Asker: 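Could you have a look at this structure, given as structure tokens, before my questions?
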Amino acid sequence: MFQSIDFGLLALNSPGWGGALLAGFWRSIQLAAGGYALGIVIGILGAVAKLYGGRVSRDLAEIYTMTIRAVPELVLMLIFYYAGTDLLNRLMGLFGAGGIDVNGLAAGILVIGLVQGGYTTEVIRAAILAVPRGQIEAAHSFGMSPMRVMRRITLPAMLPHAIPGMANLWMIATKDTALLAVIGFSELTLVTKQAAAATREYFLFFIAAGLLYLILTLGSNVVLRLFERHARRGMVAPR
Amino acid sequence: MPDMDTITPLRPATGAQLLAGLRGLLMPHRLIMLALALTGLAAMVTQMDWSWLPAYLPRLWGGLLTTLWMLAGSVILGFALALPLGVVQVIGPRPLRWLASGFCTVVRGTPLLLQLWLLYYGLGSLFAAYPVIRETWAWPYLREAWPYGLLALTISFAAYEGEVMRGAFAGVPNGELEAARAFGMSPRKVFFRVWLPRAVHRALPVLTGEIILQLKSTPLIATIAVADLYAIVTRVRQATLLTYEPLLLLAGIYLCLSAILTIALRWLEGRMPSGG
């Protein structure tokens, strides 16, 4: 079978599927990056709620992370996607606006971000706890407002502690975008399946897509290493 | 790549801690939240449409069993594969070492869904193309979907755990191995009596977390038509056109499964002797 593989199928223009694959790859990267960014926002809020929040917000954050970590990503994505679009449409209906078609990319980013947020909360919480208390207390005694303490001291100081976990989460985000194929987002994995089914060259397309994913994960690994070295500058004895 | 450490399981709770936890539950704001949750649950049970449930209960049970079988099978087979993958990366000859670490990197660097579809559609179509295979005893199995699901889950678990075991094997203090050798143990005996038990012991907290992660990967096999819990619920959704009820039930079942598994693994971990 390997003699008969037609690499022309990977050509960028039709009838080759290379262009479609690359478009799917770009969409996967957008979904991963958007979801990751949203996850960081949720994670910082969640970590602050867990560490400095009142009783109720602390418990709510705990319930959120516990649920996210106990239920399969695929199930969470389905719930967020169907329930999210359904609720949005009902809400719009309440205000008299007609049903809207939710933008696919935004919905995908929202779904991935909500899942990522649960894990990011835990990573950032642990990283903030690793910052020596004295540094934060010193900032408070300088009369900085809590927001400024967060921006100037806590977040930069926790960064080196958060990077290994956050790097791991980026890898998970890139791989989680593939799950959106099950819901029907035309990202890399789904495009690959369509291409493979149309041409019946399963190995060619799935291995090509695997290589694209590998390029993404290994490439971002290199970048993250460099970033970690930058964030750790001036720290004594790297782990 | 750094190892996953976001799911570090908690220490086993003692009686005093449990009592403190109970007292924590009785704080006023928690009582209010509990009441809200219970009313929410009651509203779900009474207001939503659960009339489909009795008819599907036997199939749901079958799906649950399939999910658990796939989890147990892939964890056991995957761990058996992870041991050589870990050892080879520590003491193996260089080509083997590269091969093992390359395998782990490739599997960890690509989505499980892609691997699953590659195996199912790729291997499946390849096998079907050769009449020789159709006549062997294996064909009735190769025509089914579950062997591919089990294979993909096993490979994935083996790759992640191979990386964990590499760290665990490398982390066993050299002095212990030297002491074992000084006792005159054969290399085999050193491995089975000292190196392996110590490495597994070191890796245990990570491994229990990874088993929970593996449980969360199992619904992917529904995409290749293995009738696991998730697949059954998908069928319910298609037959009844309900959005929320089946998904909420599914999430509830997985929550319970994760909780039971976490408690069981924690109990097991607590029984392990931890002499330094």
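Letters A, B, ... mirror the listed sequences (proteins, then strands); counts begin at 1. For clarity, every value in this text was computed on a predicted model and none was experimentally measured.
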Asker: Let me confirm one number: the CE-CG distance from A:M66 to B:L255, rounded to the nearest 0.5 Å.
Answerer: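 If I round to the nearest 0.5 Å, the distance is 7.0 Å.
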Asker: Need one label for B:V106: side chain, backbone, both or neither, based on atoms under 4.5 Å from any heavy atom in chain A.
Answerer: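 Backbone plus side chain of B:V106, per the 4.5 Å heavy-atom cut-off to chain A.
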Asker: Under the ring pair (Phe, Tyr, Trp, His ring centres under 6.0 Å) definition, can you give me all pairs with a residue in residues 216-263 of chain B, not counting sequence neighbours?
Answerer: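 Passing the test, one end in residues 216-263 of chain B: no pairs.
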Asker: Kindly determine whether B:L118 and A:Y202 satisfy side chain to side chain contact (heavy atoms under 4.5 Å, CB included), including the steps that lead there.
Answerer: CA-CA 7 Å; B:L118 170 71; A:Y202 294 101; 5.8 Å; no
Asker: Quick check: are there more than 12 heavy atoms from other residues, nucleotides or ligands sitting under 6.0 Å from CH2 of B:W50?
Answerer: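 Atom CH2 in B:W50 is crowded, with more than 12 foreign heavy atoms closer than 6.0 Å.
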Asker: How close do B:S258 and A:A70 get, heavy atom to heavy atom, and via which atoms?
Answerer: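 Nearest pair, atom of B:S258 first, then A:A70: OG-O, 2.6 Å.
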Asker: Under 4.5 Å, counting heavy-atom pairs only, tell me which of A:L179, A:I63, A:T189 racks up the most with chain B.
Answerer: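 Most pairs with chain B among the choices: A:T189.
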Asker: Using side chain to side chain contact (heavy atoms under 4.5 Å, CB included), reason through A:T192 and B:W117 one step at a time and then give a plain yes or no.
Answerer: CA-CA 10 Å; A:T192 308; B:W117 286 355; over 6 Å; no
Asker: Show every donor-acceptor pair shorter than 3.5 Å between a side-chain atom in residues 26-48 of chain A and any protein atom, with sequence neighbours excluded, or say none if there are none.
Answerer:
| unit_1 | atom_1 | unit_2 | atom_2 | d |
| --- | --- | --- | --- | --- |
| A:S28 | OG | A:G24 | O | 3.3 |
| A:S28 | OG | A:L188 | N | 3.1 |
| A:Y36 | OH | A:M166 | O | 2.8 |

Asker: Determine, step by step, whether B:R237 and A:L78 satisfy the side chain to side chain contact (heavy atoms under 4.5 Å, CB included) criterion, reporting the C-alpha distance in whole Å, the side-chain angles of both residues, the deciding distance to 0.1 Å, and the verdict.
Answerer: CA-CA 12 Å; B:R237 286 181 48 217; A:L78 275 181; 3.7 Å; yes
Asker: Kindly compute the distance separating OH (A:Y213) from CG (B:L114), expressed to the nearest 0.5 Å.
Answerer: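 One gets 6.0 Å once the value is rounded to the nearest 0.5 Å.
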Asker: Grab the two heavy atoms, one from A:I79 and one from B:A251, that are nearest each other, plus how far apart they are.
Answerer: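 Looks like CD1-CB, 3.8 Å.
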Asker: Between A:I68 and chain B, which part of the residue has a heavy atom less than 4.5 Å away: side chain, backbone, both or neither?
Answerer: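 A:I68 touches chain B through backbone heavy atoms alone.
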Asker: Judged by atom type as modelled, is there a donor-acceptor pair below 3.5 Å linking the side chain of B:K216 to the main-chain atoms of A:R69?
Answerer: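 Checked: pair present.
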Asker: Taking all atoms of both residues into account, what is the closest heavy-atom pair of A:K175 and B:G109, and its distance?
Answerer: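 Shortest heavy-atom separation between A:K175 and B:G109 comes out as CD-C, 4.3 Å.
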Asker: Below 4.5 Å, heavy-atom pairs only: which of B:L257, B:T218, B:T110 has the largest tally toward chain A?
Answerer: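 Most pairs with chain A among the choices: B:T110.
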Asker: I'd like to know whether CZ of A:F227 has more than 12 heavy-atom contacts from other residues, nucleotides or ligands below 6.0 angstrom.
Answerer: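 Count not over threshold, so no.
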Asker: Quick one: pull up CD in A:E73 and CG in B:L220 and give me the separation to the nearest 0.5 Å.
Answerer: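 That separation rounds to 8.5 Å.
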Asker: What's the shortest heavy-atom distance between B:L113 and A:A181, and which atoms?
Answerer: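 Closest heavy-atom pair between B:L113 and A:A181: CD2-CB, 4.1 Å.
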Asker: Report the C-alpha separation of B:M33 and A:L60 in whole Å, then their side-chain angles, then the decisive distance to 0.1 Å, and conclude whether the side chain to side chain contact (heavy atoms under 4.5 Å, CB included) test is met.
Answerer: CA-CA 9 Å; B:M33 283 168 78; A:L60 285 179; 3.8 Å; yes
Asker: Side chain, backbone, both or neither: which part of B:L123 has a non-hydrogen atom closer than 4.5 Å to chain A?
Answerer: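 Both parts, heavy atoms under 4.5 Å.
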Asker: What is the distance from atom CG of B:L250 to atom CG of A:L74, rounded to the nearest 0.5 Å?
Answerer: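 Separation between the atoms: 9.0 Å.
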Asker: Could you grab the distance from atom CZ of B:R108 to atom CG of A:L214, nearest 0.5 Å is fine?
Answerer: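 B:R108 CZ to A:L214 CG: 12.0 Å, rounded to 0.5 Å.
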Asker: Roughly how far, to the nearest 0.5 Å, is the CZ atom of A:F206 from the CG atom of B:L116?
Answerer: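 CZ of A:F206 is found 9.0 Å from CG of B:L116.
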